[in-house]
Amino acid sequence: MSIPKFIVFCINSLMLHFYCILGVMNLDCGGLSCKMPQYIKTPYLRSLLKMRQSSYFAPTIKENPAEAQVVSHRLMLRSGMIRQVTSGVYNYLPLGLKVLQKIENIVREEMNASGAQEILMPMVQPLEIWKETGRDDKYGPELLRLKDRHDRDFCLGPTHEEVITDLVRNNVQSYKQLPFMLYQIQNKFRDEVRPRFGLMRGREFLMKDCYSFDVSVEKAKDSYEIMQKAYCRIFDRLGLDWRMVDADSGEIGGDFSHEFHVLASTGEDTLIFDTEGEYAVNVEKHDADNCSVPAERLKEAKGIEVGHIFLLKDAYSAPMSAEVLSDEGKNITIQMGCYGIGVSRIMAAAIEQNHDENGIIWPEQLAPFAIHLINLRGKDEECAAACDKLYADLKAQGHDVLYDDREAGAGQKFADADLIGCPWQCTIGPRGLKNGEAEWKNRRTGETVNLPLGELPQTLGSKAA
RNA sequence: CGGGGAGUAGCGCAGCCUGGUAGCGCACCUGGUUUGGGACCAGGGGGUCGGAGGUUCGAAUCCUCUCUCCCCGACCA
């Protein structure tokens, strides 16, 4: 490449970036396209920059895939949220990823608000540290092992106690540096004997794992309680019906292990809880307990375990010698806690709890889009113009909108919209347009109301996307 | 890991028993008619029948081995 050509190339590249930014701003501010470079007016870019379903990668399936037995798996495949790559391993398509990120963000915000600091640890871990804690043998074949070109042993991380304990012991020397909490949101791999139920029991899955580090067991319990409260806020914010139950904390004793379950008839765990009091346990623990609550007050429900918090004490820090110097100048072992949330499993659990025969009914907080805008007559210019304008207005008000501009039959569009399950469907067709109206349908209640174009249902908040 | 089932077009399946040029529905492409709950007519594209070996004049079909996926069970900080 000659020098003048190179300079021209550089200038062009810069201009391209500049135009892209301009283009995005213009399009998303309601089509103020007068200053838009010519190329960005191409239908291709326009459709990419708007969430136009005609070019949005959400391949829906009318028929039930044979391999999917549980409803969340079936609906995620059918609505084009996920696709299987191999047993227990999935691609997340744009719709699925948006949901996953919404869950992730709620979890992240509450972790940060609790003082935990976000980090990112590797998926590949040296096997040596697993030998230090003895979990190399204990985990067995569920730990997927691999060798590098130098014949060194590695494994794919099913959890990160070893890695984080190693990190902390190498970088903390004094009690003055404690306490702190670290967390990450990262893919885990467990080579399950039998992966099943789609995202409910995959081999690779997205998990939030948090770890606390304290100078004493008493202090570690304080950290535990902070996390316990954070978890309650998280599950409230997710908009799900959930229960916290006592879990078997083994030799540690006390109340320092809790499971968080999303209630769903398809859940694998059976929970027992007091309808009037605090008592709530997993059925296995109930059978072992001396429960003083009268039987008639106990209620049984199925749950999906989506969170588990645990006081580890020195289970990992002792074998790995994670120590700090105390105020008396003595070595003391760090006391730890660990706190997990199955992010991708929550996505499945949310569907198990929120669906009907037509598809998913997303809680507002998790929905991939708040509004599904449906142009009933793709070829009709008036309909298209009305939809384009409404789309721009809704975006300008901060609403997240998926715009079905496809030239398909009305039945197919309604069916897809119900399947994908956005909380609101806004339909514009020639019939309503004669009166200057759009039809708004609440996915959960099924209620519909005709409103003048641009007017929103009162129960639809005007939150920023 | 034990038991069972299945691999044939993107999806759902038939064909296999009894070997003889690979089919159906949906989806997809082209043209036209349609259009408020998965439309219609006409035309069209797409398959090394999971893979390898064997038997045979000839294999999706019979035999052997192998891989993968699914279901039930055991397992799951």
Side-chain angles (χ1 to χ4, degrees), chain A residues 59-70 73-74 77-78 80 83-90 130 133-135 138-143 157-162 164-165 188-198 200-203 205 207 209-211 247-252 256-259 268-269 282 284 304-305 307-313 315-316 336-342 345 357-359 374-380 383 404 406-419 425-435 437-439 441 446 448 450:
Chain A
T60 56
I61 302 171
K62 193 155 94 178
E63 287 165 294
N64 273 325
E67 77 265 21
Q69 302 295 313
V70 299
H73 190 195
R74 220 161 47 220
L77 288 169
R78 287 192 52 208
R83 286 292 183 267
Q84 178 166 306
V85 176
T86 185
S87 180
V89 178
Y90 293 86
W130 286 75
T133 58
R135 285 215 295 179
K138 197 189 158 213
Y139 235 92
E142 214 172 295
L143 194 61
T159 176
H160 282 70
E161 281 84 4
E162 280 81 0
I164 203 157
T165 306
K188 299 281 181 282
F189 194 95
R190 294 181 188 176
D191 200 359
E192 293 271 352
V193 189
R194 185 153 90 84
R196 60 183 119 173
F197 308 147
M200 294 255 274
R201 177 81 68 82
R203 291 197 290 177
F205 54 96
M207 183 172 179
D209 48 325
C210 180
Y211 306 86
D248 199 351
S249 50
E251 71 277 4
I252 292 166
F256 289 93
S257 180
H258 291 92
E259 291 171 357
E268 288 189 87
D269 291 291
N282 206 310
E284 292 101 48
I304 301 163
E305 187 188 344
H308 197 158
I309 59 177
F310 206 92
L311 192 65
L312 294 172
K313 295 190 175 179
Y316 297 91
M336 294 170 56
C338 74
Y339 318 91
I341 288 184
R345 185 182 275 187
E357 65 280 5
N358 295 321
I374 300 169
N375 179 358
L376 260 198
R377 194 75 66 83
K379 278 181 179 166
D380 186 296
C383 278
D404 190 349
R406 298 173 302 168
E407 287 179 16
Q412 191 186 335
K413 293 187 179 196
F414 289 136
D416 278 349
D418 284 350
L419 187 59
Q425 295 167 16
C426 175
T427 303
I428 292 183
R431 205 173 72 189
L433 206 54
K434 272 188 296 197
N435 310 319
E437 287 179 337
E439 181 189 275
K441 174 180 155 185
T448 62
N450 289 312

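Chain A is the first sequence line, chain B the second, and so forth, proteins listed ahead of strands; every chain is numbered from 1.
- Base contact: A:Gly432 has a heavy atom under 4.0 Å from a base atom.
- Within the 4.0 angstrom heavy-atom criterion, no nucleotide atom of any strand lies near A:Gly409.
- For B:U64 and B:U21, the P atoms lie 26 Å apart once the distance is rounded to whole Å.
- Only the C1' atoms considered, B:C29 is 38 Å distant from B:C71, to the nearest whole Å.
- Nucleic acid contact for A:Gln69: sugar-phosphate only, since backbone atoms but no base atoms lie under 4.0 Å from a heavy atom of the residue.
- Contact annotation for A:Asp416: base contact, defined as any heavy-atom pair under 4.0 Å involving a base atom.
- Nearest to the side chain of A:Lys379, among B:G73, B:U35, B:C11, sits B:U35.
- For A:Tyr90, the ring-ring contact (aromatic ring centres under 6.0 Å, His included) test picks out A:His73, with sequence neighbours left out.
- Nucleotides B:A22 and B:U48 place their C1' atoms 13 Å apart, quoted to the nearest Å.
- Between the P atoms of B:U30 and B:C69, the separation comes to 36 Å (whole Å).
- Annotation: B:A52 and B:A60 have their P atoms spaced 12 Å apart (nearest Å).
- Contacts of A:Ala415 with the nucleic acid, taken as non-hydrogen atoms under 4.0 Å apart, include base atoms.
- Comment: A:Asp416 does not engage A:Lys62 in a salt bridge, judged by the lack of any side-chain N to carboxylate O separation of less than 4.0 angstrom.
- When the P atom is compared between B:G45 and B:A6, the two are found 34 Å apart, to the nearest whole Å.
- With distances taken from any side-chain atom of A:Thr86 to the nucleotides B:G38, B:G36, B:C69, the minimum falls on B:C69.
- Counting non-hydrogen atoms under 4.0 angstrom, A:Arg78 reaches a base of the nucleic acid.
- The residues A:Glu268 and A:Arg201 are annotated as salt-bridged, a charged nitrogen and a carboxylate oxygen being separated by less than 4.0 angstrom.
- When heavy atoms are screened at a 4.0 angstrom cut-off, A:Glu67 is found touching the sugar-phosphate backbone but no base atom.
- Of the listed nucleotides (B:G36, B:G37, B:C71), B:G37 has the atom at the smallest distance from the side chain of A:Lys441.
- At whole-Å resolution of the value, CZ in A:Arg201 and C1' in B:C70 are 15 Å apart.
- Residue A:Arg196 has its side chain nearest to B:G73 when only B:G12, B:G38, B:G73 are considered.
- For A:Glu63, taking side-chain heavy atoms from C-beta onward, the closest of the listed nucleotides B:G36, B:C11, B:C72 is B:C11.
- Between A:Arg377 and A:Glu407 no salt bridge is recorded (no basic side-chain N to carboxylate O distance below 4.0 Å).
- Atom name P, nucleotides B:U8 and B:G2: the rounded distance is 26 Å, in whole Å.
- No engagement by A:Lys138 is indicated, since no non-hydrogen atom pair under 4.0 Å with the nucleic acid exists.
- Comparing B:C62 with B:U55, their C1' atoms sit 8 Å apart, to the nearest whole Å.
- Distance from the side chain of A:Arg194 is smallest for B:C72 among the nucleotides B:G36, B:C11, B:C72.
- Ranking B:C13, B:C75, B:C70 by closeness to the A:Val193 side chain, first place goes to B:C75.
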